[in-house]
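Report on the structure given below.
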Amino acid sequence: MLDRRFIRSNPDVVKQAVRAKGLDLDVDELLAVDQRVRKLTTELDEAQAQRKSSAKEFARADEARRAELRAAHKELESRLGQLREELGEASAQLQELLLRTPTIPWAGAPVGDESANVTTRSWGERPEFGFTPLDHVELLEKRDWAEFARARKVAGERAYALKGPAVLLERALHSYALDVLMERQFTVISVPSLVTEMPLVGTGQFPGHREETYAIPADDLYLAGTAEVALVGLHSGEILDKNKLPITYAGISPCFRREIGSAGRDVRGLLRVHQFEKVEQFVICVADDEESDRWHAELLDTAERLVQGLGLAYQVLEIATGDMGAGKYRMNDIETWFPSLNHYRETHSCSSLHDWQARRANLRYRDTDGTIRFAYTLNNTAIATPRLLAALIENNQTADGGVRVPEVLRPYLGGRELL
RNA sequence: GGUGGAGUCGCCUAGUGGCCGAGGGCGCACGCCUCGAAAGCGUGUGAGGGGGCAACCCCUCCGUGGGUUCAAAUCCCACCUCCACCGCCA
């Protein structure tokens, strides 16, 4: 969502962003609707002012004059009704279009679709096995650390149940992430996954990607795909004091995704599941591009250090305009090495949204000079399991099906070096 | 799930159909006073939208959405949230 006034005065910039992001949005139509809304607003204002003054006069008028006013009012009322209806329709149309306006992407983003993504750096050594490594499913089943067939009996496709040391290892990953984030002064917060529509619109999940979210129609609730949803919603409608910013959260929550766009893909194992656990980094900062850029770098750095701490090889991608989504200013994915896939696979996604989400969520702050501004938001994964758990298991397996525990996780596993 | 009470401009509060399209107090900002401060006094102090070079003007908003009325914070209906008690429950 962009500022109407910005769109009015920079239609070409917006059009270019729409093109670069491959979106379906008619900016000229938006401008026309915007103009119509303003015209109707002015007309309604005038009619309403008239209604007010005649109601005032009524109180002091004699009976003859009152009869006149009643008659005149009837006419005015029908005009008001018509204007309200027209304005209501136009406003709804405008809102619908505004919700689809993209953030202007940063100048350094590769232009194009997914194939234009650029690998900017890689870190770590891919493991060399002196034996034929198992994939995570084989390994988990060999050790009896998971139930797949039985879990699917209860919860359908993509379901899983972790058992024994796999559970402890998953928890260790989350504890590790929380400790690192707390060290960086992030506030740990556990948030609802079961949410209303409001925060989903706020994050930008709705209305564009409704079908990816589980709905519970009986209660008008939804299951959020990430803690980011609740975190954006938490401060929505507020005007924060500038000195409260930045707000830095380490949000934890179960995450739910329908994965309807990927039917049949990654159905095996833990790579793409409907329900998972995630620690999310989330920042609300002042509306300053440079500060936002600094946070973006920091969130990305934190995620990289988390993966480095685990000793996993990864690469960082600069995401192209057409692959980053409407709301993103900049996006970098971290892809971690999966031996069984023989390639890197997305495990983290770092995004700067500028004020795109804040506008949707009406999340503002009062600047030093008293001006009220929309804040900037950023988010990045810290740890998402079981996908990262699968990477950890595959990369750290031993010839006999053991799993070496990275040093950073040992404190959470009673000091054990091998599972 | 049931019963009762409540939701007003950052906070507290006035307000029961036109004089409240929102008064007061606190807080905050600025000014006076002071060597400085406190106290005191004075002035100002919500958000959104539209218009104007501008000072400024207009409209909307008293939890949300409907309704009654010439006119609604004020009356009616539904919903949401909060508080209390009862029931059930991890």
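Computation of the quantities below employed the complete heavy-atom set of this structure, encompassing side-chain atoms and omitting hydrogens, waters and symmetry-equivalent molecules.
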Identity of whatever pairs with [N] - Watson-Crick or G-U, under 3.5 angstrom:
N	result
rC88(B)	none
rU34(B)	none
rU16(B)	none
rG44(B)	rC28(B)
rC82(B)	rG5(B)
rC62(B)	none
rA71(B)	none
rA54(B)	none

- request: Report yes or no: is the cationic atom of Arg184(A) (NZ for Lys, CZ for Arg) under 6.0 Å from the centre of the six-membered ring of Phe186(A), at an angle within 45° of the ring normal?
  value: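 Judged by the rule, Arg184(A) and Phe186(A) form no cation-pi pair.
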query: Can the positive tip of Arg171(A) be found less than 6.0 Å from the middle of the six-membered ring of Tyr412(A), inside 45° of the ring normal?
result: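 Checked: cation-pi criterion not met.
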field: Distance between P atoms of rA73(B) and rU8(B) (Å, rounded)
entry: 15 Å
message: Give me the distance, rounded to whole Å, that separates rG67(B) from rG15(B) when you measure between the C1' atoms they each carry.
response: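 To the nearest whole Å, 23 Å.
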message: Is there a side-chain contact between Glu394(A) and Asp135(A) in this structure, where contact means two heavy atoms from C-beta onward sitting under 4.5 Å apart?
response: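 In short, these two side chains touch, coming nearer than 4.5 Å.
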query: Side chains of Tyr249(A) and His235(A): donor-acceptor distance under 3.5 Å anywhere?
result: yes
- prompt: Can you find a side-chain donor-acceptor pair between Thr385(A) and His174(A) that sits under 3.5 Å?
  reply: yes
Is the shortest distance from a Lys or Arg side-chain nitrogen in [X] or [Y] to a carboxylate oxygen in the other one below 4.0 Å?
X	Y	result
Glu318(A)	Arg330(A)	yes
Glu43(A)	Lys39(A)	yes
Glu86(A)	Arg36(A)	yes
Arg100(A)	Glu96(A)	yes

task: Going 5' to 3' through nucleotides 46-59 of chain B, assign each nucleotide B (protein heavy atom under 4.0 Å from a base atom), S (under 4.0 Å only from sugar-phosphate atoms) or - (no protein heavy atom that close).
output: -SSBSS-------S
task: Assign a letter to each nucleotide of nucleotides 76-81 of chain B from its 5' end: B, base within under 4.0 Å of a protein heavy atom; S, sugar-phosphate only; -, no contact.
output: ------
query: Whole-Å distance between rC70(B) C1' and Leu80(A) CG?
result: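 Atom CG in Leu80(A) sits about 13 Å away from atom C1' in rC70(B).
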message: Taking 4.0 Å as the cut-off, does a side-chain nitrogen or oxygen of Arg70(A) come that near to OP1 or OP2 on rC70(B)?
response: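 Answer is yes, contact under 4.0 Å.
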